[in-house]
Amino acid sequence: MASAGSNPPQDDVSLVVALLDTNPFFWASAASSGQASSLTFPQFLEHVLAFFNSILLLHQMNQLVVIGTGTNSCEFIYDSSAMNSEYKKSKDSKASQEILTPSTILVQQLEDFIRRDQALSTNNNAAKNIHSLLSGSLSMALCYIQRILRGGPSHPQPRILCLQGSPDGPQQYVAVMNAIFSAQRSMVPIDSCIVGSQHSAFLQQASHITGGIYLKPQQPEGLFQFLAMVFATDLHTRRFLQLPRPTGVDFRASCFCHKKTIDMGYVCSVCLSIFCEHSKKCSTCESTFNQKPPSGQKRKD
């Protein structure tokens, strides 16, 4: 993949690809919890829309792309570089006469995406797909950034912002880590803002590896202030600011057999697959293990 440094970037111009978590299971539980510190989805969207507008107002050349992250699909919701005329043509003649602001377009597109994502759910898999497809939205963001990087002699400085609420999906561990290392190679930082009650080990590692910022606001009701003070600054300006850094990073991995997050386990010496239980044969590369480890002891070497 081409790195962000292959073409000279513009110091103060940013390309922000925001991944918006629309997981209905998480937002329904947040609304029903009744806690004062929990945000409902409309409240969360109100803070986020104000932040998106501030990104576009900071520089006339700033570009914003929003990707919706659902439980069954991921879609491009909004691209500030696209002409509004294309969106107006899809509406009837009465609606096309209205002045559509970026926030109006984004909300309408987001509502359409949520309906389509929920329509993909069936009674058989509704109980299984409770995690947001973070790996899919990260891959889409990286593909879009690569197209921008290879599109001309100069380009804005790209970065990914994950607005995540739902917990990690252990079954996505391999795909998420592949996306993280691709972003590291492309020199694209991944910023993370967690609005849920649990920390995200995936995004902690993503921000740590790619040089991004990880933040879990202690007061979600002031989300816009956190977003504007921490994530609105471009990469050049960040060098002169004292930005928050995480006190620790959860480097635990997920096993390949049961997709569980583990502290200790067995690692295949050939393909480096991780397992929570010992077996005579690797299920990934089918290598045979001749030596059995001591009983009652798990190791990760």
Side-chain angles (χ1 to χ4, degrees), residues 14-32 38-121 129 132-134 136-138 140-141 144 159-166 191-196 217 220-228 230-232:
S14 299
L15 165 61
V16 180
V17 183
L19 312 185
L20 196 62
D21 188 2
T22 63
N23 189 322
F25 300 99
F26 167 76
W27 291 113
S29 62
S32 61
S38 299
L39 290 177
T40 62
F41 187 70
Q43 293 172 337
F44 167 74
L45 198 59
E46 182 180 355
H47 289 275
V48 169
L49 290 177
F51 169 69
F52 288 165
N53 288 328
S54 66
I55 290 286
L56 298 176
L57 290 173
L58 284 174
H59 197 287
Q60 62 178 353
M61 299 299 293
N62 278 357
Q63 184 177 349
L64 172 68
V65 177
V66 181
I67 299 177
T69 307
T71 57
N72 299 285
S73 63
C74 304
E75 286 186 15
F76 286 98
I77 302 298
Y78 177 77
D79 187 347
S80 61
S81 64
M83 298 299 293
N84 290 341
S85 58
E86 297 181 2
Y87 182 82
K88 292 180 181 179
K89 291 179 181 178
S90 63
K91 300 297 179 180
D92 53 69
S93 58
K94 181 179 180 180
S96 63
Q97 298 175 359
E98 300 177 357
I99 299 177
L100 299 177
T101 63
S103 298
T104 303
I105 298 175
L106 196 153
V107 170
Q108 292 178 358
Q109 296 282 60
L110 185 61
E111 291 176 351
D112 294 340
F113 163 70
I114 293 176
R115 283 194 293 267
R116 289 192 297 268
D117 184 68
Q118 292 180 349
L120 296 175
S121 300
N129 298 335
S132 299
L133 296 179
L134 177 62
S137 57
L138 280 175
M140 293 176 64
Y144 184 91
R159 67 181 189 268
I160 298 175
L161 173 60
C162 299
L163 299 169
Q164 190 75 6
S166 56
D191 297 330
S192 307
C193 181
I194 308 301
V195 296
E221 62 273 13
L223 178 61
F224 171 73
Q225 285 79 1
F226 286 100
L227 292 173
V230 177
F231 298 107

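Being a predicted model, the structure only gives us computed values, none of them experimental.
The distance from the CD1 atom of I67 to the CG atom of L161 is 11.5 Å, given to the nearest 0.5 Å. Taken from OG1 in T69 to CG in N23, the straight-line distance is 10.0 Å, to the nearest 0.5 Å. Atom CG of L134 is separated from atom OG of S166 by 8.0 Å, given to the nearest 0.5 angstrom. Atom CG of residue L110 and atom CG of residue D117 lie 10.5 Å apart, to the nearest 0.5 angstrom. To the nearest 0.5 Å, atom OG1 of residue T22 and atom CD of residue E75 are 9.5 Å apart. Between the CE atom of M61 and the CG atom of L15 there is a distance of 11.5 Å, given to the nearest 0.5 Å.
Taking D21 as the reference, nothing meets the salt bridge (Lys or Arg N to Asp or Glu O under 4.0 Å) condition, with sequence neighbours excluded. The side-chain contact (heavy atoms from CB on, under 4.5 Å) check on P24 picks up T71, Q118, with sequence neighbours excluded. When the ring-ring contact (aromatic ring centres under 6.0 Å, His included) test is applied to F26, no partner is found at least two apart in sequence or on another chain. Applying the ring-ring contact (aromatic ring centres under 6.0 Å, His included) test to F44 and every residue at least two apart in sequence or in another chain returns W27. Annotation: side-chain contact (heavy atoms from CB on, under 4.5 Å) contacts of Q225 (sequence neighbours excluded): none. Taking L58 as the reference, N62, A232 meet the side-chain contact (heavy atoms from CB on, under 4.5 Å) condition, with sequence neighbours excluded. A search for ring-ring contact (aromatic ring centres under 6.0 Å, His included) contacts involving Y144 returns F76, not counting sequence neighbours. A search for ring-ring contact (aromatic ring centres under 6.0 Å, His included) contacts involving F52 returns nothing, not counting sequence neighbours. The side-chain hydrogen bond (donor to acceptor under 3.5 Å, both in side chains) check on Q43 picks up T40, with sequence neighbours excluded.
Minimum interatomic distance between L138 and C162 (heavy atoms only, all atoms of both residues): CD2-SG, 4.1 Å. The two atoms that bring I77 and G68 nearest to each other are CG1-N, 3.4 Å, heavy atoms only.
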Next item on the list: Go through the steps to decide whether F226 and C193 satisfy the test side-chain contact (heavy atoms from CB on, under 4.5 Å), and finish with yes or no.
Entry: CA-CA 9 Å; F226 286 100; C193 181; 5.8 Å; no

Margin query: What verdict does the side-chain contact (heavy atoms from CB on, under 4.5 Å) test give for D79 and Q63, after you've listed the backbone C-alpha separation in whole Å, the side-chain angles of each residue and the deciding distance to 0.1 Å?
Written below: CA-CA 8 Å; D79 187 347; Q63 184 177 349; 3.3 Å; yes

Item checked: Stepwise side-chain contact (heavy atoms from CB on, under 4.5 Å) test for L163 and L227 -> CA-CA 10 Å; L163 299 169; L227 292 173; 3.9 Å; yes

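Sorted by first and then second residue, the side-chain hydrogen bond (donor to acceptor under 3.5 Å, both in side chains) pairs involving residues 44-58 (not counting sequence neighbours) are N53-S103.
In this structure, V16 and D191 have side chains that are not in contact, with every pair of non-hydrogen atoms separated by 4.5 Å or more. Using a 4.5 Å heavy-atom threshold, the side chains of P220 and V195 count as separate. Proximity of P102 to Y78: side-chain heavy atoms (C-beta onward) are separated by under 4.5 Å at one or more points. For the pair S132/Q164, a side-chain contact is recorded, criterion being any heavy-atom separation below 4.5 Å from C-beta on. Within the 4.5 Å cutoff, no side-chain heavy atoms of S14 are placed close to those of H59. With contacts defined as side-chain heavy-atom distances shorter than 4.5 Å, the pair E111/I114 does not qualify.
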